[in-house]
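For reference, the structure is listed below as structure tokens.
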Amino acid sequence: MPPVVRFAPSPTGYLHVGGARTALFNFLFARHHGGRFILRIEDTDQKRYQAEALTEIFASLKWLGLQWDEGPEAGGDAGPYFQSQRTALYRGRAAELLEAGKAYRCFCSEERLAGLRAEQEKAKMAQGSGYDRHCRRLGASEVQALLAAGAPHVVRLKVPDDRAVAFHDLIRGDITYDSGQLDDLVLLKSDGFPTYHLANVVDDHMMGITHVLRGDEWIASTPKHILLYEACGWAPPIFAHMPVILAPDGGKLSKRRGAASVLDYQRAGFLSEALRNFLALLGWAPGADREIMTLEEMIAAFTLERVQAKAAVFDETKLEWMNGVYLQGKSVDSLLADVRSLWEKAGLPARALADEGYLKKVIGLFKERSKKVGDIAGNSLYFFSDPQGYEEQAARKYFRAEALPLLDAILPALQGLQPFSREALEDLFRRLAGELGVSAGKLIHPTRLAVSGVSFGPGLFEMLELLGGETVRRRLQKAREWIAAGDRA
RNA sequence: GGGGCUAUCGUCUAGGGGUUAGGACGGGUGAUUCUCAGUCACUAAACCGGGGUUCGAAUCCCCGUAGCCCUGCCA
């Protein structure tokens, strides 16, 4: 039987890379085994719900190429896929559990519960922390009276006292909890909405989920879920808890410690293939030292047995390297639209970006020395307008008075150069260097700085060729004046 | 306080009783070169500690330590 898995985010904020990795593993697992991947939205918390979060989650998943087989937008037989639209189901289930005596109504106020917690905290109770099961002892007539009075209440599961609750985790092996450690967990809140636990169990069962692959912060909740499955008379699914992803300092990932949001990486100019590949390698390795893989290769190689139990640190440096690898594999044509929009954002007028052939040549010059799309756009601005200043350290080094006679030799030589090609330029520079009795570098470095404003970039001669004779001479002239002025001062 | 999970170079990891503990990122050195990037060589860098089991432990067991998670009418 092919597996059915789900990714079930809460729309309380952006999709962070940890969630994306969980989604990715679910996706890879489903595809590898020919199963289905469901997207379900767990919007049962009215207080923390954010409408924009939904858009952001969808966009993130799609950008990473993790198309879900069933869920919002995709449809499917097990819908609706928003928990907020399934409340009748949860209430019905809670009513049945109540009826069967497996759950009970609890009328305790939040104040009483808070007081109880504070007391327990103070007493550092050796065991039996959590709800004191006060309302479990209420008689039927008391309950009727409270109900008749319209007293607000929640529904709690009756958790057995001293029982071993065991399950097999596909990544961590056998895990056992003593039910005495567990609370009588709330199933239905007083606002009539289910808690995560109830909604999750009911939906996983009704949607035919066979494997629950989720973050390991859920591992302590799993025995509660097992008990709930039992109370409902259902067989629990198979569990596998994925390790967390940590910030470089070993702490939790957050916006403050680097970009935690998937879409932030998109905005920062990363390629989705690179982020996806990198995320896959956080907690999983196919073996044989394989790292760069297509989605298809990942699907073919993915198994839960090879997923790590240990938390992994998100190393952005390696992501950048990987992005560079993917960037080199991209054609200039496929990069054009993205780079052009970054150029526009940098303030270049449409007129400057009109010649597509020129644009492609510029991209070609910068692609191989870039790691991100943004590097291509950001470092190539001088192909569209004269440099506004010169890199300070480089100017100190190359724009000294001694450079003046050199520039004076280059300028007229350039005047009649025909054709203005990289070969002709290189011949010219080398010949000139010979005549002047200096190394070619003495000519090349000041020229590069004069023309680009910076000390690094593409090969000088291809750069000059693309810029064209007129522009090159204008910029050299400007640099000459700059040096002469500085010399006088 | 209780419970659970985890532990190999700085980072991601390979390794499932016998290996010079391998690869990648990052670092260092050198070569190439007009710069940067790249590329190519070379190089430094790890089994948390202590007990067992065994002829033999990174691998299995126990204890300790550390980190993380849970202990919510959040998910």
Side-chain angles (χ1 to χ4, degrees), chain A residues 8-10 12 42-45 47-48 106 108-110 113-114 117 120-131 152-156 169 171-172 175-178 180-183 185-191 193-197 199-200 215-224 241 243-244 246 248 250-252 278 281-292 306 308-322 324 328 366 368-371 375 379 394 398 426 429-430 439-445 447-449 452 454-461 463:
Chain A
S10 279
T12 53
E42 309 218 324
D43 53 350
T44 56
D45 187 343
K47 297 181 207 88
R48 295 207 301 153
C106 170
C108 291
S109 66
E110 297 203 39
L113 262 17
R117 262 196 296 278
Q120 286 170 168
E121 179 63 28
K122 211 166 66 187
K124 288 284 178 225
M125 291 177 61
Q127 65 169 45
S129 66
Y131 182 55
H153 63 276
V154 302
V155 174
R156 286 181 186 271
D169 187 291
I171 293 171
R172 287 147 215 278
I175 298 174
T176 308
Y177 276 82
D178 179 348
Q181 298 292 340
L182 275 27
D183 246 4
L185 61 146
V186 172
L187 265 20
L188 221 49
K189 307 179 215 173
S190 54
D191 65 2
F193 274 81
T195 58
Y196 166 83
H197 305 292
N200 195 261
D216 74 0
E217 69 269 26
W218 295 109
I219 192 156
S221 298
T222 305
K224 299 177 187 175
H241 290 91
V244 292
L246 268 21
K252 266 190 184 172
F278 178 74
L281 261 18
L282 244 37
W284 174 71
D289 298 329
R290 286 221 289 158
E291 293 204 310
I292 302 292
R306 297 195 68 94
Q308 190 99 23
K310 181 183 84 164
V313 171
F314 193 95
D315 177 10
E316 201 154 316
T317 312
K318 185 156 183 175
L319 204 213
E320 292 209 1
W321 162 78
M322 193 171 276
Q328 300 323 312
F366 282 87
E368 63 177 323
R369 45 183 35 82
S370 300
K371 287 193 171 162
D375 299 340
N379 289 330
Y398 300 123
E426 177 147 18
F429 270 71
R430 302 227 178 263
S439 67
K442 288 275 184 238
L443 264 31
I444 287 168
H445 296 304
T447 305
R448 167 187 300 287
L449 186 59
S452 72
V454 292
S455 62
F456 59 91
L460 181 72
F461 307 115
M463 194 163 111

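Note on naming: letters A, B, ... go to the chains in the order of the sequence lines (proteins, then strands), and numbering restarts at 1 for each one.
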Taking the [atom1] atom of each, how far is [N] from [M], in whole Å?
N     : M     : atom1 : result
B/C5  : B/A44 : P     : 39 Å
B/C68 : B/C73 : P     : 24 Å
B/A21 : B/A58 : P     : 10 Å
B/C34 : B/U20 : C1'   : 43 Å
B/C9  : B/C70 : C1'   : 32 Å
B/G22 : B/C47 : C1'   : 13 Å
B/C62 : B/U54 : C1'   : 16 Å
B/A57 : B/G52 : P     : 11 Å

Whole angstrom is fine here: how far is it from [atom1] in [X] over to [atom2] in [N]?
X        : N     : atom1 : atom2 : result
A/Asp216 : B/C69 : CG    : P     : 9 Å
A/Phe193 : B/C74 : CZ    : P     : 11 Å
A/Met322 : B/G26 : CE    : P     : 11 Å
A/Glu110 : B/C74 : CD    : C1'   : 12 Å
A/Leu185 : B/C73 : CG    : P     : 10 Å
A/Leu182 : B/G4  : CG    : P     : 12 Å
A/Leu187 : B/A75 : CG    : P     : 12 Å
A/Gln181 : B/C5  : CD    : C1'   : 15 Å

side-chain N/O [X] vs [N] OP1/OP2, d < 4.0 Å:
X        : N     : answer
A/Lys47  : B/A75 : no
A/Arg172 : B/C69 : no
A/Arg117 : B/U71 : no

Please report the interatomic distance [atom1]([X]) to [atom2]([Y]), rounded to the nearest 0.5 Å.
X        : Y        : atom1 : atom2 : answer
A/Thr12  : A/Asp45  : OG1   : CG    : 8.0 Å
A/Leu281 : A/Asp315 : CG    : CG    : 12.0 Å
A/Lys371 : A/Arg369 : NZ    : CZ    : 13.5 Å
A/Ile219 : A/Tyr177 : CD1   : OH    : 6.0 Å

Please give the nucleotide sitting opposite [N] as a Watson-Crick or G-U wobble pair, both distances under 3.5 Å, or none.
N     : result
B/G1  : B/U71
B/A37 : none
B/A21 : none
B/C9  : none
B/G16 : none
B/A44 : none

State, to 0.1 Å, how close [X] and [Y] come at their nearest heavy-atom pair, and which atoms those are.
X        : Y        : result
A/Gly215 : A/His241 : O-CD2, 3.5 Å
A/Met463 : A/Arg448 : SD-NH1, 4.0 Å
A/Thr44  : A/Ala199 : CG2-CB, 4.3 Å
A/Pro243 : A/Asp216 : CA-OD2, 3.9 Å
A/Ile444 : A/Phe429 : CG1-CD2, 4.3 Å

With a 4.0 Å cut-off on heavy atoms, is [X] in touch with a base, just the backbone sugar-phosphate, or nothing at all?
X        : value
A/Tyr177 : sugar-phosphate
A/Ser190 : base
A/Val154 : base
A/Cys108 : base
A/Thr44  : sugar-phosphate

## Note on the structure
Scoring nucleotides 28-49 of chain B by protein non-hydrogen atoms under 4.0 Å (B base, S sugar-phosphate only, - none) yields ------BBBS------------
### Task
Using a 4.0 Å cut-off on protein heavy atoms (strictly under), produce a 5'-to-3' string for nucleotides 10-15 of chain B with B for base contact, S for backbone-only sugar-phosphate contact, and - for none.
-SBSSS
### Task
Count the heavy atoms belonging to other residues, nucleotides or ligands that lie under 6.0 Å from NZ of A/Lys189, then report whether that count exceeds 12.
yes
### Query
How do A/Trp218 and A/Leu319 order along RNA chain B: which one's closest nucleotide is nearer the 5' end?
A/Leu319
### Query
With a 4.0 Å cut-off, would you call A/Glu291 and A/Lys318 a salt bridge?
yes
### Message
Are A/Tyr196 and A/Trp218, when compared by the centres of their aromatic rings, separated by less than 6.0 Å?
### Response
yes
